[in-house]
Amino acid sequence: MRMKSRQRTIAPGIHLIQECGRHRGGIADAVLARGVDWYREGTELHVPQNAYLLAGDQKTLLFDTLSPAASKTVLAGLEDALDGRSLDYLLISHPDVPHAGNTAQILRRYPGCQLLAPRAGETHALYHLGEAERVGPDDELDLGGLRLRFPEATFLDAAVHTWMTEETSRTLFTVDWLGFPHLGDECLKCVDELDVEIGVSRLEEFHSRVMFWFQYVDPQKVQAATDALAVEFEGYGIAPAHGLPIRQDSARYFALMNEVVQRVADAGRGGVL
Amino acid sequence: MSGVGKEPTDPTLAIELASGVRWVHECYPEPIGHVHVSVFLVETATGHLLIDSGSFYHRDSLARRVGQLTGGRGIEALILSHSDYPHSGNIPSFRRDWGDFEIVASCADADIQGLPYARRVRIGETAEISGRPFTFLDPPLADRSHTTWVFDEASRVLFVADGFGTIHPPDACASSWGELDPDGRAQGVFEFHEQTLPWLRFADPARVMNALHAIFERHAPAWVAPIHGPPIEANDLDAYLLDLSRAIERIAAR
Ligand SMILES: [Zn+2]
Ligand SMILES: [Zn+2]
């Protein structure tokens, strides 16, 4: 039996394939205790993994693979989104289990697919990426109608890491940054399709866990880096790996992130993820 | 009781730190020097457990060495600092070799970390693993959100995952940190942290160092045992911390 596809188009040629995983009861309890306005008791709360398929006129590229718990989700979503075409490139944003966990399965399913890895970092061979072709800030990959660039990741965990942009639609793929939980009736949506606004509290819930190190920073340094991103990527939409795509008014989210880092620096981490 | 740990450890297999705790060191060569990708073997009342599984890159060597050190029996439990591949990469093959030993991990959602069979421990708690008590600590120096540091209450060895590494010269693979040539040692501490924890560029060095000192006050370690560097004996810890605080100042000043 074919499983229900968990993919959709977010811009011409750009598909989101989403893994929501199970209800995050621990996070739900934490936000209920804080009395946030965006979560209703009894609703599912998800922190997703997103993979993005970029299907150009000539070539196709998948950015990340979802987690090992979602092998079927990514393979089914990919097949659906490719619609009979082959997969030409698989780029791993960083070799973290929830991002890279299906690399081997995808390469087996699409034997002609070329594996790409971030240029940054020194330890590719420890991640089965020793043989992968590397991409970095000096490279551009033209898929035909979609042009990819690979800016340095500003906010990251592991050193082997890259962000990505698609220059025709002006979309910035921020991987672990600008994620946030969503409710069970918001799966696969874009932020502009929600009935509510994403506020600072949702962003804080995610970053106070994933970017636990915000508690050890000088917030002004992070804010300066965020302000620089807001200038460099003014007018870009944002496609995060653990949130919903932000297609409009991304400037608002850069500003919200400056509040988030100050809050985590003041209050400490929110837990683990 | 296995009895294996009662004989002197063959130094080509492992280096004994404290009673019942052995460092099984492996190295990965980088252009600027070696970085360790080690594991630690801990004796329990009934057998052995491992702290981390090492990288698949060293799979054959680790399987052979841990096999010999345990008299061929392998391990009965594994405590995972975090799911990063150089720490978790050998879990599937070790389970094929030695059976379905217990996996202990601190991640909030084990499924998405590829560890559906793991027993979850919570940071802050003390738990008995194979009858030996370990305390799980929130690590100030880490890359992944779900990383835990692990304090072995019996030996007072503190396992610190991705913190406290040092890049070392290719002829010093089996030296403890205190045995490294002090010339270049501070540079090795700097290079490791600059490369491994990119967020330190945003750090407030005082916040990081205060958090570390608070941990050492509550859990005074006999050894600090990193996965990516030589172990640091209690006597050398102040010297290491001085090098570390200077390294973080340098990284944060970029
Ligand atoms: Zn969902
Ligand atoms: Zn070495």
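All of these numbers come straight from a predicted model, not from anything done at the bench. Each chain gets a letter, A, B and so on, in the order its sequence line appears, and its residues count up from 1.
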Compile a table of inter-chain donor-acceptor pairs under 3.5 Å between chain B and chain A, counting both main-chain and side-chain atoms.
unit_1	atom_1	unit_2	atom_2	d
B:Asp84	OD1	A:Tyr127	OH	3.0
B:Asp84	OD2	A:Tyr127	OH	3.1
B:Asp111	OD2	A:Arg22	NH2	2.3
B:Asp138	OD1	A:Arg269	NH1	2.6
B:Arg144	NE	A:Asp96	OD1	2.8
B:Arg144	NH2	A:Asp96	OD1	3.4
B:Ser145	O	A:Arg269	NH2	2.8
B:Ser145	OG	A:Arg209	O	2.9
B:Ser145	OG	A:Leu273	N	3.2
B:Phe202	O	A:Asp218	N	3.0
B:Ala203	O	A:Lys221	NZ	3.0
B:Asp204	N	A:Tyr216	O	2.9
B:Arg207	NH1	A:Gln215	O	2.8
B:Arg207	NH1	A:Ala265	O	2.9
B:Ala252	O	A:Lys221	NZ	3.0

Examine whether an atom of [X] lies under 4.5 Å from a heavy atom of chain A, and if so say whether it belongs to the side chain, the backbone or both; otherwise answer neither.
{"X": "B:Ile123", "result": "side chain"}
{"X": "B:Ala206", "result": "neither"}
{"X": "B:Pro140", "result": "both"}

Quiz item: Looking at B:Ala142, B:Pro205, B:Gly89, which one has more heavy-atom pairs under 4.5 Å with chain A than the rest?
Solution: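 Top count of heavy-atom pairs under 4.5 Å with chain A: B:Ala142.
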Quiz item: Out of B:Pro31, B:Pro198, B:Pro116, B:Gly114, which one racks up the most heavy-atom pairs below 4.5 Å with chain A?
Solution: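 The answer is B:Pro198.
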Exercise. Answer with side chain, backbone, both or neither: which region of A:Ala153 has an atom nearer than 4.5 Å to a non-hydrogen atom of chain B?
Key: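 Answer is backbone: N, CA, C or O of A:Ala153 sit under 4.5 Å from chain B.
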Exercise. Under 4.5 Å heavy-atom distance to chain B, tell me which part of A:Ala224 shows up: side chain, backbone, both or neither.
Key: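 When you check distances to chain B, no heavy atom of A:Ala224 falls under 4.5 Å.
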Quiz prompt | Heavy-atom pairs under 4.5 Å with chain B, option from A:Ala69, A:Ala100, A:Ala225, A:Pro98 with the top count | solution =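 Most heavy-atom pairs within the cutoff with chain B belong to A:Pro98.
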Exercise. Tell me, out of A:Val47, A:Ile27, A:Leu66, A:Val222, who's got the most heavy-atom pairs with chain B below 4.5 Å.
Key: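 If we count pairs closer than 4.5 Å to chain B, A:Val222 comes out on top.
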Scan the side chains in residues 97-105 of chain B for donor-acceptor partners under 3.5 Å anywhere in the protein, sequence neighbours excluded, and list what turns up.
unit_1	atom_1	unit_2	atom_2	d
B:Glu102	OE2	B:Arg119	NH1	3.2

Quiz item: What residues form a ring pair (Phe, Tyr, Trp, His ring centres under 6.0 Å) with A:Phe212, not counting sequence neighbours?
Solution: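 Per chain and number, A:Phe212 pairs via ring pair (Phe, Tyr, Trp, His ring centres under 6.0 Å) with no residue.
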Quiz item: Does B:Phe151 have any ring pair (Phe, Tyr, Trp, His ring centres under 6.0 Å) partners at least two apart in sequence or in another chain, and if so, which?
Solution: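 If we apply the ring pair (Phe, Tyr, Trp, His ring centres under 6.0 Å) test to B:Phe151, skipping adjacent residues, the hits are B:His219.
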